[in-house]
Amino acid sequence: MAAFHLLLRPLPSSSSMAALAVFLCVLSCFLPELAFAKTRHYTFNIRYQNVTKLRHTVRVLTVNHQLPGPPLVAREGDRVLIKVINHVAENVTIHWHGVRQLQTGWADGPAYVTQCPIQTGQSYTYNFTLNGQRGTLLWHAHISWLRATIHGPIIILPRRNESYPFENPHKEVAIILGEWFNVNPESVIQQALQTGGGPNVSDAYTINGHPGPLYNSSSKDTFKLKVKAGNTYLLRLINAALNDELFFSIANHSLTVVDVDASYIKPFQTDVVLLSPGQTSNVLLKTNPNFPINSTFLMAARPYFTGQGTFDNSTTVGILHYGPGHSPLPTPITTLIPNLPAINDTNFVTNFSRKLRSLATAKFPVNVPQTVDKQFFFTVGLGTAPCPKNATCQGPNGTKFAASVNNISFALPSTAILEAYFSRRANGVYRTDFPVKPVFPFNYTGTPPNNTLVSNSTSLVVLPFNASVEVVLQGTSILGAESHPLHLHGFNFYIVGEGFGNFDPNKDPANFNLVDPVERNTAGVPAGGWIAFRFFADNPGVWFMHCHLDVHTSWGLRMAWIVLDGPKPNQKLPPPPADLPKC
C-alpha cells in the first residue's frame with residue numbers, strides 16, 4: 001500500500017522520477033500482483049421496477065433496472081469500489097457473498113451486523129480487495145428478503161497472464177438460479193412473522209430471471225443458451241434462490257465440476273449438480289461434436305427438500321441450442337426434461353458432496369488447521385416461540401415458528417454490532433456469552449424433547465486472532481430433520497467431516513480429512529446429520545454465520561463471531577469509512 005501512496009505524492013525532481021521508476025520496476029518483479037492489479041468502479045442504483053411474469057406484474061426492487069442484477073467482474077488482486085445509491089423507501093444493504101473481506105469488514109454488508117442500512121436518498125461505497133480468490137461468487141441484498149430480486153454474479157478472473165488449472169473454455173456463461181413470487185416477497189415474510197406460521201412458497205423458479213415454458217404463459221420467457229458442437233463452455237452456476245436447494249442438469253450432457261465457492265477442486269464428472277442457496281460452482285460443459293445444427297436440449301432445475309413443511313415443487317427449464325439459428329421449444333417438452341434426482345434423494349446429495357475435494361496443488365495448496373485451539377459444538381434446527389398475549393398464531397400447537405443455534409434465536413440489535421465493538425460500546429447491543437456447546441444436551445436426531453421453545457439474545461463468540469477453530473454443526477429432529485446450508489461471512493472453511501445421526505467426538509474425528517478437504521463459504525448440514533469444519537480466525541472484525549434458507553434466518557438461525565485484532569498493523573480492523581451509514 002505504501003507504494004501506491006508514494007505515487008500520489010508530488011515528485012520534486014527528475015532524479016526522483018528516475019529513482020521511482022527503478023523502484024517500481026523492481027517492485028513489479030517481486031510483486032506482480034501489484035503491477036497488474038486494477039481499481040474497478042461500479043455504481044449500483046437501487047430502484048423500483050414493475051416486472052411481469054406468470055401473468056402477474058409485481059413492483060420489485062432492482063439494481064440498475066436489471067433482474068438478475070449486473071455482473072461485478074474483476075481479477076484476483078483487484079480493488080473494487082461499488083457506490084450503492086438507495087432511491088427507494090426501503091432500507092438496503094449489499095453483501096458480497098464469499099468475498100474474504102480481509103481487513104475490510106465494514107464492507108461485508110449484513111444489516112445491523114457490520115453496518116446500519118443505507119436509508120432512502122443515501123449512498124455508501126463498498127471498498128474491498130479480492131485477495132486470494134478466483135472463480136464465481138454472488139452479491140445480494142442482506143436485509144429481510146430483499147435479495148429475492150437484488151442479486152447478481154461476482155466473476156473473479158485469474159490474475160493477468162495466469163490461466164485456469166483446467167481446459168481453457170471457448171466461452172463463459174453465468175447461470176443464476178432464482179425464485180419468483182407473484183406478490184412482493186417482503187409481504188410474504190412479514191405476514192409469516194406476524195402470524196407465526198410458515199411463509200407462502202414461491203410461484204416459480206427461474207434461470208437467469210426466466211421461469212421457462214413449464215409455467216403458465218411463460219413459453220416466451222425462457223432462457224436460451226446457443227452453443228457450437230465440439231466446444232467447451234464454462235458455466236458459472238449460482239443459486240440465488242431464497243429458500244430452496246436446487247438440482248441442476250442438462251439433458252444428454254455431462255458436466256465437469258472444477259470449482260465450488262471460488263475454490264478449485266479436483267475435477268469430476270456428473271450429470272447433476274446440487275447447489276444450496278448462496279453456493280456457486282464452475283462447471284465445464286463439453287458440447288457433442290456429433291450433434292447436428294439446430295439440436296435442442298433442455299436444462300432444468302428443481303428443489304431438493306427434506307423438511308416437513310410446504311415448498312415450491314416445480315421445475316424451471318431453459319434451452320441449450322446447437323447453432324446460430326432459431327431455437328424452438330422441443331416437443332413434447334415434458335418428455336425431454338433431464339433426469340433429476342428425487343425431491344428428497346439424500347443418497348445422491350451425500351455422494352455428490354463426498355466427491356468434492358480441494359485441488360491441493362503446490363500453486364493452490366490446502367491450509368486446513370492440523371491442530372485446533374478452539375472447539376465448538378453447535379446444534380442447528382427449528383423450534384418454537386410463545387404466541388403473544390391475545391393473539392392467534394399459526395405455528396406448531398398455536399406457537400410461532402422459530403429457529404436457533406444452540407437453542408438461541410439470534411436477535412438483531414437496532415444498531416450495527418461492528419460499530420459497537422469498534423467503539424467499545426457493547427453494553428445494551430450484544431453480549432459475549434454464546435455457549436460453546438448445547439446447555440441442555442439431548443438425543444439430537446432421535447425423538448425430540450417435549451419443550452421446543454428457544455431463547456432469544458444477541459450473544460456472540462469471541463476468538464483470538466489467528467486461532468485455529470473447529471466447528472461441528474449438528475442438525476436436530478425438532479419439527480422435522482432437514483438440511484441447513486450454513487454460510488460463514490469473512491472466511492472460507494474446510495469441511496473435514498460429515499455424517500448422519502449424532503456426532504461422536506470419540507470416534508468421528510478419526511475419519512476427518514485433513515489432506516484435501518473441500519474449501520467453501522456455505523455448506524449444507526445434512527438432514528439428520530452433522531458436518532465439521534475448520535478455519536483460521538485470521539480476519540479481525542465481526543462476522544455473521546447463518547442458515548442461507550432465508551426463512552430460517554428470519555426465524556433466528558443465525559449468530560456472530562468477534563475475531564480480535566492481531567499484534568501487527570495488517571492484523572487490525574481499521575476505523576470505519578467516513579460514509580458508513582448511520583442508524
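This is a predicted model, so every value here is computed, not measured.
- Checked against salt bridge (charged side-chain N to carboxylate O under 4.0 Å, His left out), Arg354 has no partners two or more places apart in sequence or in another chain.
- Exactly one residue among Arg40, Arg159, Lys38 makes a side-chain hydrogen bond (donor to acceptor under 3.5 Å, both in side chains) with Asp78. That residue is Arg40.
- Remark: aromatic rings of His546 and His142 are close, center separation under 6.0 Å.
- Within the model, atoms CG of Leu549 and NE2 of His484 stand 7.5 Å from one another, a figure rounded to the nearest 0.5 Å.
- A search for salt bridge (charged side-chain N to carboxylate O under 4.0 Å, His left out) contacts involving Arg236 returns Glu172, not counting sequence neighbours.
- The ring of Phe291 has its center closer than 6.0 angstrom to the ring center of Phe297.
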Where do Asp516 and Arg357 land on the salt bridge (charged side-chain N to carboxylate O under 4.0 Å, His left out) test, with the steps shown first? CA-CA 6 Å; Asp516 60 352; Arg357 302 284 178 132; 3.3 Å; yes

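- The closest side-chain donor-acceptor pair between Glu519 and Asn492 falls under 3.5 angstrom.
- Side-chain atoms of His321 and Thr296 form a donor-acceptor pair, as typed in the model, at a separation below 3.5 Å.
- Sparse packing is recorded around CG of Asn339, with 12 or fewer heavy atoms of other residues, nucleotides or ligands lying under 6.0 Å away.
- Note that OG of Ser353 is 9.5 Å distant from CD1 of Ile531, once rounded to the nearest 0.5 Å.
- With rounding to the nearest 0.5 Å, the separation of CG in Leu356 from CG in Asp259 is 10.5 Å.
- Shown here are the ring pair (Phe, Tyr, Trp, His ring centres under 6.0 Å) partners of Trp180, two or more places apart in sequence or in another chain: there are none.
- The side-chain contact (heavy atoms from CB on, under 4.5 Å) check on Gln571 picks up Phe465, Pro567, Lys568, with sequence neighbours excluded.
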Please determine whether salt bridge (charged side-chain N to carboxylate O under 4.0 Å, His left out) holds for the pair Asp538 and Arg100, giving the CA-CA distance in whole Å, both sets of side-chain angles, and the decisive distance to 0.1 Å. CA-CA 10 Å; Asp538 59 356; Arg100 281 294 317 272; 2.8 Å; yes

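- A distance of 5.0 Å separates CG in Leu473 from CG in Leu486, rounded to the nearest 0.5 Å.
- Separation of atoms CD1 (Ile143) and OG1 (Thr93) is listed at 6.0 Å; rounding is to 0.5 Å.
- Residues Thr129 and Val80 fail the side-chain proximity criterion, which asks for heavy atoms closer than 4.5 Å.
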Show every donor-acceptor pair shorter than 3.5 Å between a side-chain atom in residues 249-257 and any protein atom, with sequence neighbours excluded, or say none if there are none.
from   : atom 1 : to     : atom 2 : distance (Å)
Ser249 : OG     : Asp271 : O      : 2.7
His253 : ND1    : Ala251 : O      : 2.7
His253 : NE2    : Tyr322 : OH     : 2.7

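- Here CG of Asn288 is found 12.0 Å from CG of Asn231. Values are rounded to the nearest 0.5 Å.
- Within the 6.0 Å centre-distance limit, the rings of Phe268 and Phe352 are counted as a close aromatic pair.
- Annotation for Lys572: atom NZ counts as buried by contact number, over 12 foreign heavy atoms lying within 6.0 Å.
- Aromatic ring centroids of Trp561 and Phe378 lie under 6.0 Å apart.
- Counting heavy-atom neighbours within 6.0 Å of Lys286 NZ, excluding the residue itself, gives a total of 12 or less.
- Counting heavy atoms of neighbouring residues, nucleotides and ligands inside a 6.0 Å radius, atom CG of Leu81 exceeds 12 of them.
- With sequence neighbours left out, Asp550 forms a salt bridge (charged side-chain N to carboxylate O under 4.0 Å, His left out) with Arg147.
- Between Phe422 and Trp106, the ring center distance clears the sub-6.0 Å criterion.
- Aromatic pair His548/His97: centroids less than 6.0 angstrom apart.
- The aromatic rings of Trp96 and Phe44 lie tilted to each other, with the angle between the two planes from 30° to 60°.
- In this structure, His489 and His487 have tilted ring planes: the angle between them lies in the 30° to 60° band.
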Go through Tyr126 and Tyr124 one step at a time and tell me if the ring-ring contact (aromatic ring centres under 6.0 Å, His included) criterion holds. CA-CA 6 Å; Tyr126 293 89; Tyr124 178 47; 4.7 Å; yes

